Amino acid sequence: MTAPLLEVRGLTKRFGGVLALDGFDLTLPEGQIRGLIGPNGAGKSTLFNVVTGALPPDGGEIRLAGRPVNGLRPHALVRLGMVRTFQKIHPFRGMSVLESAMVGCHAASRAGLLSAVLRPPRAAREEARIRERASLALEFVGLGAREAEPAEALPLGLQRLLQLACALATGARLLLLDEAASGLTTPETERLAELLLAVRTRGKTIVLVEHDMSLVMRVSDLVTVLNFGRKLAEASPAEVRRHPEVIRAYLGGGGRGAGG
């Protein structure tokens with residue numbers, strides 16, 4: 001049997017006297033879309049920050065494809081195949097759409113600064129590969145015709161797609177998407193759902209933190225529910241909808257809710 005792509009065991013994180021993650025466990029096989037939901041302050045964003053190396057854990061273990069990755073920084077994890085997006089979008093000022101997507105590729109590249117400055121033939125070939133990968137990622141999300149446009153001039157819906165393209169351009173196997181549908185219109189959310197399902201078809205694995213419950217329930221293979229830093233439930237979308245504790249903690253609030 002192959003190891004899970006992502007395995008989290010007993011993960012804890014404290015902020016002063018607040019226990020944001022309390023012995024949290026997660027096992028994620030390859031090729032799955034996992035929805036991650038919960039009320040405000042449940043620990044979802046903290047989990048993303050700890051798993052992707054932005055914050056150190058206070059306890060527990062994180063494994064990526066069977067390899068312990070506790071303590072690794074975000075850029076090292078990108079090179080190992082894990083990348084995240086953020087709820088707040090900060091386009092690269094002065095860059096085109098294509099150049100912005102290429103930044104994602106550079107994050108996963110092992111070419112050093114000296115090579116970038118001196119540009120030996122190997123570096124030139126790497127730059128050409130990066131440009132091609134970025135262009136293919138943009139084409140995949142529907143931005144191929146807008147490569148030359150300023151990234152910061154794109155409307156919010158297209159900036160969300162650009163963020164997804166940047167993540168895909170890294171070549172990562174595991175995408176952690178934080179509020180990917182935030183601010184999108186209904187047609188834009190429908191388009192995002194189609195793209196996420198297509199990404200999974202390409203063999204990628206996704207963890208999706210999302211307010212939009214209809215999107216989570218549509219695309220997720222399993223849904224994990226966090227509450228007070230602990231796993232409240234983990235089941236199929238249909239089972240989660242009927243789970244009495246989930247309804248009380250989260251879904252009873254109208255089906256849209258939470259950060260944290």
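Small disclaimer: the values here were computed from a predicted structure and weren't measured.
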Participant: Between Val207 and Leu177, is there a side-chain heavy-atom distance shorter than 4.5 Å?
Facilitator: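 Not in contact.
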
Participant: For residues Val103 and Cys166, determine if any side-chain heavy atom of one lies less than 4.5 Å from a side-chain heavy atom of the other.
Facilitator: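 With C-beta onward as the side chain, the pair stays apart.
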
Participant: State, with a plain yes or no, whether a side-chain heavy atom of Arg73 is found less than 4.5 Å away from one of Leu77.
Facilitator: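 When only atoms from C-beta onward are counted, Leu77 and Arg73 do not touch, as no gap falls below 4.5 Å.
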
Participant: Filter on salt bridge (charged side-chain N to carboxylate O under 4.0 Å, His left out), then keep only pairs touching residues 155-176, sequence neighbours left out; what's left?
Facilitator: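 Pairs touching residues 155-176 that pass the test: Glu30-Arg173.
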
Participant: Among pairs that include at least one residue of residues 45-57, which meet salt bridge (charged side-chain N to carboxylate O under 4.0 Å, His left out), considering only residues two or more places apart or in two chains?
Facilitator: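 As it turns out, there is no salt bridge (charged side-chain N to carboxylate O under 4.0 Å, His left out) pair with a partner in residues 45-57 once direct neighbours are skipped.
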
Participant: Side-chain donor-acceptor pairs under 3.5 Å in residues 80-92, sequence neighbours left out?
Facilitator:
{"unit_1": "Arg84", "atom_1": "NH1", "unit_2": "Asn49", "atom_2": "OD1", "d": "2.5"}
{"unit_1": "Arg84", "atom_1": "NH2", "unit_2": "Asp178", "atom_2": "OD2", "d": "3.0"}
{"unit_1": "Thr85", "atom_1": "OG1", "unit_2": "Asp178", "atom_2": "N", "d": "3.3"}

Participant: Got Pro244 and Arg248 here, is their nearest side-chain heavy-atom distance under 4.5 Å?
Facilitator: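 Result yes, sub-4.5 Å side-chain heavy-atom pair found.
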
Participant: Are Val8 and Leu19 connected into the same hydrophobic cluster when the rule is that any two of I, L, V, M, F, W, Y join if their side-chain heavy atoms are below 4.5 Å apart?
Facilitator: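 Different clusters.
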
Participant: Distance-only, no hydrogens or angles: does the Asp25 side chain make a donor-acceptor pair with backbone N or O of Gly10 under 3.5 Å?
Facilitator: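 Yes; judged by distance alone, with no hydrogens or angles, the pair exists.
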
Participant: For Glu99, check salt bridge (Lys or Arg N to Asp or Glu O under 4.0 Å) against everything at least two apart and list the hits.
Facilitator: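 Per chain and number, Glu99 pairs via salt bridge (Lys or Arg N to Asp or Glu O under 4.0 Å) with no residue.
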
Participant: Which atom names give the shortest non-hydrogen contact between Gly35 and Val216, and what distance separates them?
Facilitator: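 Smallest interatomic distance, heavy atoms only, reads CA-CG1, 4.1 Å.
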
Participant: Not counting sequence neighbours, list each pair that qualifies as a salt bridge (charged side-chain N to carboxylate O under 4.0 Å, His left out) and has a residue in residues 214-237.
Facilitator: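 Sorted pair list: Asp22-Arg230, Arg34-Glu234, Glu190-Arg218, Arg200-Asp221, Lys231-Glu234.
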
Participant: Counting only heavy atoms from other residues, nucleotides and ligands, does the tally under 6.0 Å from CD of Glu132 exceed 12?
Facilitator: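 No.
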
Participant: Can you list everything that forms a side chain to side chain contact (heavy atoms under 4.5 Å, CB included) with Ala145? Sequence neighbours excluded, please.
Facilitator: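 With neighbours one apart ignored, the set is empty.
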
Participant: Any side-chain heavy atom of Pro68 within less than 4.5 Å of one from Ile62?
Facilitator: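 Pro68 does not reach Ile62 side chain to side chain.
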
Participant: Apply side-chain hydrogen bond (donor to acceptor under 3.5 Å, both in side chains) to Ser135 and list each qualifying residue two or more places apart in sequence or on a separate chain.
Facilitator: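 Once residues adjacent in sequence are excluded, the partners of Ser135 under the side-chain hydrogen bond (donor to acceptor under 3.5 Å, both in side chains) criterion are Glu147.
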
Participant: If you take all heavy atoms of Asn70 and Pro57, which pair is closest and at what distance?
Facilitator: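 Result for this residue pair: ND2-CG, 3.7 Å.
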
Participant: Begin from the C-alpha positions of Val223 and Ser236 and carry the test side chain to side chain contact (heavy atoms under 4.5 Å, CB included) through to its verdict.
Facilitator: CA-CA 6 Å; Val223 178; Ser236 70; over 6 Å; no

Participant: What distance do Leu196 atom CG and Leu215 atom CG have between them, rounded to the nearest 0.5 Å?
Facilitator: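 It comes to 6.0 Å.
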
Participant: Using a strict threshold of under 4.0 Å (side-chain N to carboxylate O), is an ion pair present between Arg125 and Glu127?
Facilitator: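 Salt bridge absent between Glu127 and Arg125.
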
Participant: How long is the straight-line distance from CD1 of Ile33 back to OG1 of Thr205, given to the nearest 0.5 Å?
Facilitator: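 If we round to the nearest 0.5 Å, Thr205:OG1 and Ile33:CD1 are 9.0 Å apart.
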
Participant: Under the salt bridge (Lys or Arg N to Asp or Glu O under 4.0 Å) test, which residues partner Glu239, sequence neighbours left out?
Facilitator: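 So Glu239 forms no salt bridge (Lys or Arg N to Asp or Glu O under 4.0 Å) with any residue.
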
Participant: For Arg9, enumerate each residue passing the salt bridge (Lys or Arg N to Asp or Glu O under 4.0 Å) test, keeping only those at least two apart in sequence or located in another chain.
Facilitator: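 Partners of Arg9 under the salt bridge (Lys or Arg N to Asp or Glu O under 4.0 Å) test: Glu7.
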
Participant: Using the rule given for side chain to side chain contact (heavy atoms under 4.5 Å, CB included), can you reason through Leu138 versus Val97, listing the C-alpha separation, both sets of side-chain angles and the distance that settles it, and then say yes or no?
Facilitator: CA-CA 8 Å; Leu138 291 170; Val97 169; 3.6 Å; yes

Participant: Run Val51 and Leu6 through side chain to side chain contact (heavy atoms under 4.5 Å, CB included) and show every step you take.
Facilitator: CA-CA 9 Å; Val51 167; Leu6 178 67; 4.2 Å; yes

Participant: Between atom NZ of Lys204 and atom CG of Leu5, what is the distance when rounded to the nearest 0.5 Å?
Facilitator: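 Going from NZ on Lys204 over to CG on Leu5, the span is 10.5 Å.
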
Participant: Please identify each residue that fulfils side chain to side chain contact (heavy atoms under 4.5 Å, CB included) with Ala137, with sequence neighbours left out.
Facilitator: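 Residues passing side chain to side chain contact (heavy atoms under 4.5 Å, CB included) with Ala137: Ala165, Leu168, Ala169.
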
Participant: For residues Leu136 and Leu161: do they belong to one hydrophobic cluster (side chain heavy atoms under 4.5 Å, members Ile, Leu, Val, Met, Phe, Trp, Tyr)?
Facilitator: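 No; Leu161 is not reachable from Leu136 via cluster members.
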
Participant: Taking C-beta and beyond as the side chain, do Arg79 and His75 meet within less than 4.5 Å on heavy atoms?
Facilitator: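 Touching, per the 4.5 Å side-chain cut-off.
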
Participant: Once side chain to side chain contact (heavy atoms under 4.5 Å, CB included) is applied, do any residues pair with Pro74, and if so which ones, sequence neighbours excluded?
Facilitator: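 Pro74: no side chain to side chain contact (heavy atoms under 4.5 Å, CB included) contacts found.
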
Participant: Return the CG to CG distance between Leu28 and Leu222, rounded to the nearest 0.5 Å.
Facilitator: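 Here the interatomic distance stands at 9.0 Å.
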
Participant: Quick one: list whatever passes salt bridge (Lys or Arg N to Asp or Glu O under 4.0 Å) with Arg93, sequence neighbours left out.
Facilitator: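 With sequence neighbours excluded, Arg93 shows a salt bridge (Lys or Arg N to Asp or Glu O under 4.0 Å) to Glu152, given in chain and number order.
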
Participant: Would you give the length of the straight line joining atom CD1 of Ile206 to atom CG of Leu197, rounded to the nearest 0.5 angstrom?
Facilitator: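 Answer rounded to 0.5 Å: 8.0 Å.
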
Participant: Walk me through it: do Leu226 and Leu36 pass the test side chain to side chain contact (heavy atoms under 4.5 Å, CB included)?
Facilitator: CA-CA 7 Å; Leu226 257 172; Leu36 185 64; 4.2 Å; yes

Participant: Identify the two heavy atoms, one from Thr12 and one from Gly23, that lie closest to each other, and give their separation to 0.1 Å.
Facilitator: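 Heavy-atom minimum between the residues: CG2-N, 3.3 Å.
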
Participant: Side-chain contact, heavy-atom cut-off 4.5 Å: Phe24 with Thr224?
Facilitator: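 In short, these two side chains touch, coming nearer than 4.5 Å.
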
Participant: Answer yes or no: is there an ion pair linking Arg129 with Glu126, defined by an N-O contact shorter than 4.0 Å?
Facilitator: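 Looking at Glu126 together with Arg129, the answer is yes, because their closest N to O distance falls below 4.0 Å.
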
Participant: Using atom types as modelled and distance alone, determine if a side-chain donor or acceptor of Glu179 lies under 3.5 Å from a backbone N or O of His211.
Facilitator: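 Such a contact is found between Glu179 side chain and His211 backbone.
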
Participant: Which pair of heavy atoms, one from Glu139 and one from Gly144, lies closest together, and at what distance?
Facilitator: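 In terms of heavy atoms, the two residues are closest at OE1-CA, 3.5 Å.
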
Participant: Within the distance-only criterion (no hydrogens, no angle test), does the side chain of Ser220 pair as donor or acceptor with the backbone N or O of Met217 below 3.5 angstrom?
Facilitator: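 Looks like no, no N/O pair under 3.5 Å.
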
Participant: What is the distance from atom CG of Asp58 to atom CG of Leu21, rounded to the nearest 0.5 Å?
Facilitator: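 Asp58 atom CG to Leu21 atom CG measures 9.0 Å (nearest 0.5 Å).
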
Participant: Just wondering, more than 12 heavy atoms not from Phe228 lying within 6.0 Å of its CZ?
Facilitator: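 No, the 6.0 Å shell around CZ holds no more than 12 heavy atoms from other groups.
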
Participant: Grouping I, L, V, M, F, W and Y whenever their side-chain heavy atoms are under 4.5 Å apart, do Leu164 and Leu156 come out in a common cluster?
Facilitator: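 No; Leu156 is not reachable from Leu164 via cluster members.
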
Participant: Are Arg146 and Glu149 within salt-bridge range, i.e. N to O under 4.0 Å?
Facilitator: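 So Arg146 pairs with Glu149 through a salt bridge.
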
